[in-house]
Amino acid sequence: MIGIFDSGIGGLTVVRALTDRLPGRDIIYFGDTARTPYGNKSPETIIRYALEDTEFLLNKGAKLIVMACNTASSVATEHIIEKFHVPVFEVITPAVLLSIETSGKHRIGVIGTRATINSGVYEKKIMSMKPEAKVWSVPCPLLVPLVEEGWLEKPETAMIVKKYLLPLKVRQIDTLILGCTHYPILKKTIQRKIGMQVNIIDSSLSVAEKVKTFLTQHPETDELLSKAGTSEFFVSDVTGQFRKTAKILLGKNISLTHVK
Ligand code: DGL
């Protein structure tokens, strides 16, 4: 099984990208809805949550972990790799690589939660791979609650997105990294507000590509993954809104199991 976790619903964008690219692999998902959002918590707390989330998925039989959360990826990756001896994928590096490959002017904007932006992880990685790049980052703490609330098409959401993106727009970025797995759900609004000429990098797609490449290169790991085509969804708090947004994202009704 492929184990995937996020603080809430955002990681479902990674589930969709993975199931499109690796059909048939069994998936187990954990959304930590009782403790979402992670993005305004301290690194210590996020690390503790991420370790617990991973342990839960491994106990359920996951053989490979995808941290479908930029916030956890930005502060907890090394801790998870050190503690658990399974392949672990974080969402940041694949998005950085793709942004460098595809950006013409290397004027790159990053949006994410406060914890992700404060960690400086995107700037550090981009600058280490492309020192001449210019990077501007903006925390967008209101976007995760808006997505969790299902406020996807509301004019208020569009206004908030516009306000957050303004400092990036004036810098004339040519590439925008969606540094939070909740944000692809608002991609249309984000694209409209930043401008159609800006290339948007969706970290959920780039990590799914990375997992696919890894499994092609490591058939021994792929053999460990069960392939009945099942997906199980666990959450730490059951909310109707999660089901609704999940249906929009995955195109089907899912059943949720509550974990205490
Ligand atoms: N989806 C998350 C991320 O990619 C977490 C958002 C949050 O819980 O604040 O950062």
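These figures come from a predicted structure and were not determined experimentally.
- Formation of a donor-acceptor pair under 3.5 Å by the T71 side chain with backbone atoms of T116 is not found in this model.
- Screening residues 188-208 for side chain to side chain donor-acceptor pair (under 3.5 Å), with sequence neighbours left out, gives N70-S203, T102-N199, D202-S204.
- By the 4.5 Å heavy-atom criterion applied to side chains, S137 and E123 are counted as neighbours.
- Residue R171 qualifies as open at atom CZ: its count of foreign heavy atoms under 6.0 Å is 12 or below.
- In this structure, F89 and I65 have side chains that are not in contact, with every pair of non-hydrogen atoms separated by 4.5 Å or more.
- Looking only at side-chain heavy atoms (C-beta outward), V66 and L18 come within less than 4.5 Å of each other.
- Smallest separation of non-hydrogen atoms from K252 and S231: NZ-OG, 3.7 Å.
- Of the residues listed (I200, T13, L205, I201), the one engaging L178 in a side chain to side chain contact (heavy atoms under 4.5 Å, CB included) is I200, and it is the only one.
- Counting heavy atoms from C-beta outward, F84 and L58 have side chains that approach closer than 4.5 Å.
- Around atom CE of M159, no more than 12 heavy atoms belonging to other residues, nucleotides or ligands sit under 6.0 Å away.
- No single ILVMFWY cluster, assembled from side-chain heavy atoms under 4.5 Å apart, contains both V144 and Y38.
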Start with the C-alpha gap between T33 and D237, add the side-chain angles, then the distance that decides, and say whether side-chain hydrogen bond (donor to acceptor under 3.5 Å, both in side chains) holds.
CA-CA 5 Å; T33 44; D237 189 27; 5.3 Å; no
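- Rounding to the nearest 0.5 Å places CE of M67 at 7.5 Å from CD of E90.
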Could you go step by step and tell me if F30 and I4 meet the side chain to side chain contact (heavy atoms under 4.5 Å, CB included) rule?
CA-CA 6 Å; F30 177 62; I4 304 167; over 6 Å; no
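- Contact annotation: the side chain of I185 approaches that of L152 to within less than 4.5 Å [non-hydrogen atoms, C-beta and beyond].
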With side-chain hydrogen bond (donor to acceptor under 3.5 Å, both in side chains) as the criterion, how do T213 and T216 come out once you've worked through the C-alpha distance, each side chain's angles and the decisive distance to 0.1 Å?
CA-CA 5 Å; T213 309; T216 312; 5.9 Å; no
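- The 12-atom threshold is exceeded at NZ of K227, counting heavy atoms of other residues, nucleotides or ligands nearer than 6.0 Å.
- Judged by distance alone, the side chain of D174 and the main-chain N or O of K105 form a donor-acceptor pair under 3.5 Å.
- Considering every non-hydrogen atom in both S103 and I108, the closest pair reads OG-CG1, 4.2 Å.
- Hydrophobic clustering, with ILVMFWY side chains joined whenever heavy atoms are under 4.5 angstrom apart, groups V211 together with L225.
- The pair R35-E52 meets the salt-bridge criterion, since a charged nitrogen lies less than 4.0 angstrom from a carboxylate oxygen.
- Within the 4.5 Å cutoff, the side chain of V110 has no heavy atoms near those of the W136 side chain.
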Could you give me the CA-CA distance, side-chain angles and deciding distance for L165 and V138, then say whether side chain to side chain contact (heavy atoms under 4.5 Å, CB included) is met?
CA-CA 8 Å; L165 295 179; V138 177; over 6 Å; no
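- You'll find the side chain of I194 reaches within 4.5 Å of the side chain of K169, heavy atoms only.
- Residues V75 and I81 are members of one and the same hydrophobic cluster, defined by side-chain heavy-atom contacts under 4.5 angstrom among Ile, Leu, Val, Met, Phe, Trp and Tyr.
- The main-chain N or O of A68 is found under 3.5 Å from a side-chain atom of T181 such that the two form a donor-acceptor pair.
- In this structure, Y183 and C140 approach most closely via the heavy-atom pair OH-O, 3.3 Å.
- Across all their heavy atoms, G229 and D26 have their closest contact at N-OD1, 2.7 Å.
- For the atom pair K212 NZ and Q217 CD, the distance stands at 12.0 Å (nearest 0.5 Å).
- Side-chain N or O atoms of S236 include one that pairs as donor or acceptor with a backbone N or O of A34 at under 3.5 Å.
- The same ILVMFWY cluster, assembled from side-chain heavy atoms under 4.5 Å apart, contains both I9 and V161.
- If you chain together hydrophobic residues whose side chains sit under 4.5 Å apart, V91 and I80 never meet in one group.
- With hydrogens and angles ignored, the 3.5 Å screen pairs a side-chain donor or acceptor of Y29 with a backbone N or O of G11.
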Verdict with reasoning, L249 to R16, per side chain to side chain contact (heavy atoms under 4.5 Å, CB included)
CA-CA 8 Å; L249 270 178; R16 189 184 51 192; 3.6 Å; yes
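- Across P131 and M127, no two heavy atoms sit closer than the pair O-CE, 3.1 Å.
- At least one donor-acceptor pair under 3.5 Å links the side chain of R25 to the backbone N or O of P23.
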Would V238 and V235 count as a side chain to side chain contact (heavy atoms under 4.5 Å, CB included) here? Give the steps.
CA-CA 6 Å; V238 179; V235 285; 3.9 Å; yes
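- Judged by distance alone, the side chain of R243 and the main-chain N or O of N253 form no donor-acceptor pair under 3.5 Å.
- Remark: K210 NZ is loosely packed, at most 12 non-hydrogen atoms of other residues, nucleotides or ligands lying under 6.0 Å away.
- Counting only distance, with no hydrogens or angles, the side chain of D53 and the backbone of F5 share no donor-acceptor pair below 3.5 Å.
- Under the 4.5 Å side-chain criterion, counting only non-hydrogen atoms from C-beta, M1 is not in contact with K63.
- Taking a 6.0 Å sphere around CD of E220, one finds it holds more than 12 heavy atoms contributed by other residues, nucleotides or ligands.
- M196 belongs to no hydrophobic cluster with other residues, because no ILVMFWY side-chain heavy atom falls under 4.5 Å from its own, directly or through intermediates.
- Classification of the F56-F234 ring pair by plane angle, with boundaries at 30° and 60°, yields perpendicular.
- Using a distance-only test at 3.5 Å, with no hydrogens or angles considered, a donor-acceptor pair links the side chain of T245 to the main chain of Q241.
- Across every non-hydrogen atom of T36 and G8, the tightest pair is OG1-N, 4.4 Å.
- The closest donor-acceptor contact from the side chain of H79 to the backbone of L51 lies at 3.5 Å or more, if one exists at all.
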